[in-house]
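Any value given below was found using the heavy atoms of this structure, including those in side chains, with hydrogens, waters and symmetry copies removed.
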Amino acid sequence: MDYTVVWFKRDLRVYDHAPLAHAAARGPVLCLYVLEPSLWAQPDSALQHYQFLRESLRDLAQQLRDCGARLELAVGEVPEVLARLHALQPFARLMRSEEHTSELQSPCTIS
């Protein structure tokens, strides 16, 4: 199956998300968020950051469900997570969310 992985990093929204809209226009999409232990081990990480992230991921997951998609969560360092995913089911493209996007697009035609 030819599909695109959209890796959500900091930009946890559906609307005005150019990589997600472009991926959805090409065909099937796997939406992915990776919890990276090395980032959470940083001295400036705090419980309130994690709680805010959990709430944001819940909102993102609901927005994706409303569009007919789902959010997959993985734990590990990104290179290893992507390698495992590719070994299980090779993907054709990987698109990363950007922190700033100027295009206003709605991807609610996700396959």
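Side-chain contact between Val14 and Leu20: present, with at least one pair of heavy atoms (C-beta onward) separated by less than 4.5 Å. Taking the side chain as every heavy atom from C-beta outward, Pro28 and Asp2 never approach each other to under 4.5 Å. Counting heavy atoms from C-beta outward, Leu32 and Phe8 have side chains that stay 4.5 Å or more apart. The closest side-chain heavy-atom distance from Trp40 to Leu53 is below 4.5 Å. Counting heavy atoms from C-beta outward, Trp7 and Met95 have side chains that stay 4.5 Å or more apart. With contacts defined as side-chain heavy-atom distances shorter than 4.5 Å, the pair Val29/Tyr3 does not qualify. Annotation: side chain of Leu85 is in contact with side chain of Val5 (closest heavy-atom distance under 4.5 Å). Side-chain contact check for Arg70 versus Cys31: every heavy-atom pair is 4.5 Å or farther apart.
Remark: the backbone N or O of Gln51 is not paired with any side-chain donor or acceptor of Glu55 at under 3.5 angstrom. Looking only at distances, a side-chain donor or acceptor of His49 sits under 3.5 Å from a matching main-chain atom of Ala46. Looking at Glu72, its side chain never comes within 3.5 Å of a backbone N or O of Tyr33 through a donor-acceptor pair.
The pair Lys9-Asp11 fails the salt-bridge criterion, with no side-chain N (NZ, NE, NH1 or NH2) lying under 4.0 Å from an Asp/Glu carboxylate O.
In this structure, NE2 in His17 is found 8.0 Å from CG in Leu12, a value given to the nearest 0.5 Å. To the nearest 0.5 angstrom, Leu60 atom CG is 5.0 Å from Leu71 atom CG. Taking CG of Leu82 as the reference point, atom CG of Leu94 lies at 5.5 Å (rounded to 0.5 Å). The distance from atom CG of Leu73 to atom CG of Leu35, rounded to the nearest 0.5 Å, is 6.5 Å.
With sequence neighbours left out, Leu39 forms a side chain to side chain contact (heavy atoms under 4.5 Å, CB included) with Glu36. Here Phe52 pairs with nothing under the ring pair (Phe, Tyr, Trp, His ring centres under 6.0 Å) rule; sequence neighbours left out.
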- Task: Would you sort out whether Val81 and Arg84 count as a side chain to side chain contact (heavy atoms under 4.5 Å, CB included), showing the intermediate values?
- Result: CA-CA 5 Å; Val81 168; Arg84 284 194 319 256; 3.6 Å; yes

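In terms of heavy-atom proximity, Pro19 sits nearest to Arg96 at CG-O, 3.4 Å.
The same ILVMFWY cluster, assembled from side-chain heavy atoms under 4.5 Å apart, contains both Val75 and Leu57.
Residues Gln63 and Asp59 have side chains that never bring a donor and an acceptor to within less than 3.5 angstrom of each other.
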